[in-house]
Amino acid sequence: MPKQLKPYLEGLAVGFVFISITLLFSIPFYMSLIIGALAALGGYRNSIKMDQEKADKKAQNQPKDTE
């Protein structure tokens, strides 16, 4: 999976899950879509943040050449 596509897919998945969950309750459809959109945005941002933290941790664990 390309790196640029991963955050979008994860955000979309989170949004669909939240829409599905909110539709189980007596919440109007438009509100479910709003909640799903906000969750998708949060999932997208969280995916980017987690990838950055993973890259930082990987770079921190690399041995440094000081010869």
Side-chain angles (χ1 to χ4, degrees):
M1 176 179 346
K3 264 190 150 179
Q4 296 83 8
L5 189 60
K6 183 182 175 195
Y8 292 111
L9 290 177
E10 288 184 8
L12 196 61
V14 170
F16 280 139
V17 167
F18 271 80
I19 288 173
S20 301
I21 291 171
T22 56
L23 286 176
L24 293 175
F25 302 103
S26 302
I27 297 176
F29 183 68
Y30 69 93
M31 290 186 73
S32 293
L33 290 179
I34 292 170
I35 292 168
L38 292 173
L41 181 63
Y44 170 77
R45 292 179 55 146
N46 188 44
S47 177
I48 291 174
K49 185 176 101 176
M50 298 263 301
D51 288 345
Q52 183 64 37
E53 287 175 359
K54 186 177 176 183
D56 290 345
K57 189 173 184 179
K58 185 176 181 182
Q60 186 181 24
N61 289 337
Q62 292 292 330
K64 296 181 179 167
D65 260 349
T66 55
E67 292 180 29

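Being a predicted model, the structure only gives us computed values, none of them experimental. The basis for the numbers below is simple: all heavy atoms, side chains too, and nothing from hydrogens, waters or symmetry mates.
Residues Gln52 and Ile48 form no side-chain contact, since every pair of their non-hydrogen atoms from C-beta on lies 4.5 Å or further apart.
Atom CD in Gln60 sits 11.5 Å away from atom CD in Glu53 (nearest 0.5 Å). In this structure, Leu33 CG and Leu38 CG are separated by 11.0 Å, a value rounded to the nearest 0.5 Å.
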Under 3.5 Å, sequence neighbours excluded: what are the donor-acceptor pairs made by side chains of residues 39-47?
| from | atom 1 | to | atom 2 | distance (Å) |
| --- | --- | --- | --- | --- |
| Ser47 | OG | Glu10 | OE1 | 2.8 |

Hey, can you pull the donor-acceptor pairs under 3.5 Å for the side chains in residues 22-30, sequence neighbours left out?
| from | atom 1 | to | atom 2 | distance (Å) |
| --- | --- | --- | --- | --- |
| Thr22 | OG1 | Phe18 | O | 3.0 |
| Thr22 | OG1 | Ile19 | O | 3.0 |
| Thr22 | OG1 | Ser32 | OG | 3.1 |

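By the criterion of side-chain heavy atoms lying less than 4.5 angstrom apart, applied directly or through intervening Ile, Leu, Val, Met, Phe, Trp or Tyr residues, Phe16 is not grouped with Tyr8; the two fall into different hydrophobic clusters.
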